Amino acid sequence: MTSISILGATGSIGRSTLDLVRRFPGRFRVEVLTAHRSADELADAVLATNAKVAAIADARAAPRLAERLAGRSIEVLVGADGVLEAAKRDADWTMAAIVGAAGLAPTLAAAERGGVLALANKEALVCSGPHLLDAAARAGTRLLPVDSEHNAVFQALAERPVATLRRLVLTASGGPFRNASLEEMARATPEEAVAHPRWSMGAKISIDSATMMNKGLELIEAHLLFGVPETKLATLVHPQSLVHGIVEFEDGSQIATLGPTDMRVPIAHTLAWPDRLPLDEQRLDLTTCGTLNFEPPDERRFPALRVARDALRTGGSAPTILNAANEVAVASFLERRTGFLDIISVVEATLESLVADAPGTLEEVVAIDCAARHKATALCAALSDR
Ligand code: NAD
Ligand code: MG
């Protein structure tokens with residue numbers, strides 16, 4: 001039996017992971033489940049899986065969780081420190097599915113204790129750069145990418161030498177505004193922006209898909225995970241989201257990974273790796289899926305791609321600043337304080353106003369993340385006063 005821990009068990013990725021775990025009774029034993037504030041959903045999942053530890057980040061939700069789990073030998077941990085403590089508990093396999101840099105400390109803690117770390121929380125990697133990779137390497141933790149494009153590339157690469165790569169291609173659905181004009185995007189509401197045409201995901205990543213900052217973060221993620229230089233990283237808009245990633249070699253051969261538009265497929269890959277889990281209904285039928293289209297991304301309407309590439313080229317703490325400013329600007333848009341196009345303007349202005357020094361210690365990473373949030377918050381406030 002594989003013991004597992006799910007950080008962010010109540011989110012879109014967390015729920016898909018729990019769905020897989022429930023389908024294979026006797027194969028997985030759940031140790032730890034964590035959530036931000038959904039006490040009832042967390043309690044339901046803990047009771048259904050017989051998890052031993054439940055951690056909730058928001059202390060206001062803790063009494064409800066404690067009430068739901070009273071009288072059972074389940075350990076309840078509270079606050080950001082409680083989630084961190086839970087992440088330190090032993091497990092053979094850990095899903096890092098907290099959204100945003102809030103997941104950095106728990107994800108790092110999981111990386112530091114060995115086993116398999118299935119990484120969905122791309123913001124933790126982008127903001128901490130090599131820290132997370134170094135922590136995993138030191139502890140002998142096997143990092144497996146959950147992000148569908150990176151999981152696809154991981155499978156296509158299959159440990160082949162990266163030096164023989166000509167190009168690594170991440171596909172993008174193009175999001176809900178693939179064909180929208182800048183005028184339409186300027187008026188976009190949060191409801192329109194989260195309505196993703198292909199994937200059902202949490203609010204933050206849905207907005208990132210609409211601005212295409214998701215692909216920008218993924219370029220940085222790919223650079224870190226696979227050690228591929230920025231010049232060899234490409235993105236391709238593919239609205240059907242059935243080809244997830246492609247690796248092109250020096251001799252012209254291209255190996256692509258295809259699969260259904262269902263995050264359970266890459267999650268299952270990491271759960272069983274190097275084995276496979278049989279998922280009968282998750283099938284892609286190429287005879288009925290219709291035409292597959294590919295087009296280059298439009299950086300004029302989606303400047304996030306250029307801004308993220310620039311941050312990757314600049315290096316140092318630029319990716320940390322990019323990620324932090326983006327989190328603040330997305331939250332401000334979701335709260336209807338600023339507009340859709342303001343998101344990337346705020347990210348760009350934050351990057352211009354702060355010096356991207358070489359990343360130092362983890363404390364320095366956290367300090368620059370904090371400074372970027374401060375700056376981006378001020379920029380959003382100025383925009384919302386317009
Ligand atoms: P979500 O918003 O649906 O879920 C986020 C989870 O994190 C929830 O369990 C929530 O309780 C927890 N959380 C939020 N803030 C927290 C905090 N401050 N402290 C502790 N826990 C907190 O998000 P999601 O769509 O599941 O995405 C999770 C991560 O996976 C993100 O980094 C996202 O970019 C990545 N990802 C998601 C998908 C997808 O299809 N949803 C695909 C690829 C990558
Ligand atoms: Mg992705």
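This structure is a prediction, so every number in the text was calculated from the model and none was measured.
Under the 4.5 Å side-chain criterion, counting only non-hydrogen atoms from C-beta, Lys122 is not in contact with Leu225.
One side chain, Thr261 or Arg198, offers a donor N or O that lies under 3.5 Å from an acceptor on the other. With no hydrogens or angles considered, no side-chain donor-acceptor pair links His36 and Asp58 at under 3.5 Å. Between Ser173 and His196, the side chains place a donor N or O and an acceptor N or O closer than 3.5 Å (distance only, hydrogens not considered). Using modelled atom types, one finds no donor on one side chain facing an acceptor on the other under 3.5 Å when comparing His223 with Glu221. Using a 3.5 Å distance cut-off with no hydrogens or angles, the side chains of Glu149 and Asn151 do not pair a donor with an acceptor. No side-chain N or O of Thr189 forms a donor-acceptor pair with one of Arg336 less than 3.5 Å apart. Counted by atom type alone, Ser317 and Asp357 present zero donor-acceptor pairs between their side chains at under 3.5 Å. Donor-acceptor pairing under 3.5 Å is lacking for the side chains of Ser384 and Thr338.
Residue Lys204 places its NZ atom among more than 12 non-hydrogen atoms of other residues, nucleotides or ligands, all under 6.0 Å distant.
Atom CG of residue Leu165 and atom CD1 of residue Ile255 lie 9.5 Å apart, to the nearest 0.5 angstrom. Separation of atoms NE2 (His244) and CG (Asp147) is listed at 11.5 Å; rounding is to 0.5 Å.
Classification of the His269-Phe154 ring pair by plane angle, with boundaries at 30° and 60°, yields perpendicular.
Between Glu230 and Lys232 no salt bridge is recorded (no basic side-chain N to carboxylate O distance below 4.0 Å). A salt bridge links Arg264 to Asp19: at least one charged side-chain nitrogen sits closer than 4.0 Å to a carboxylate oxygen. Checked for salt-bridge contact, Glu31 and Lys52 meet the test: a charged N lies under 4.0 Å from a carboxylate O.
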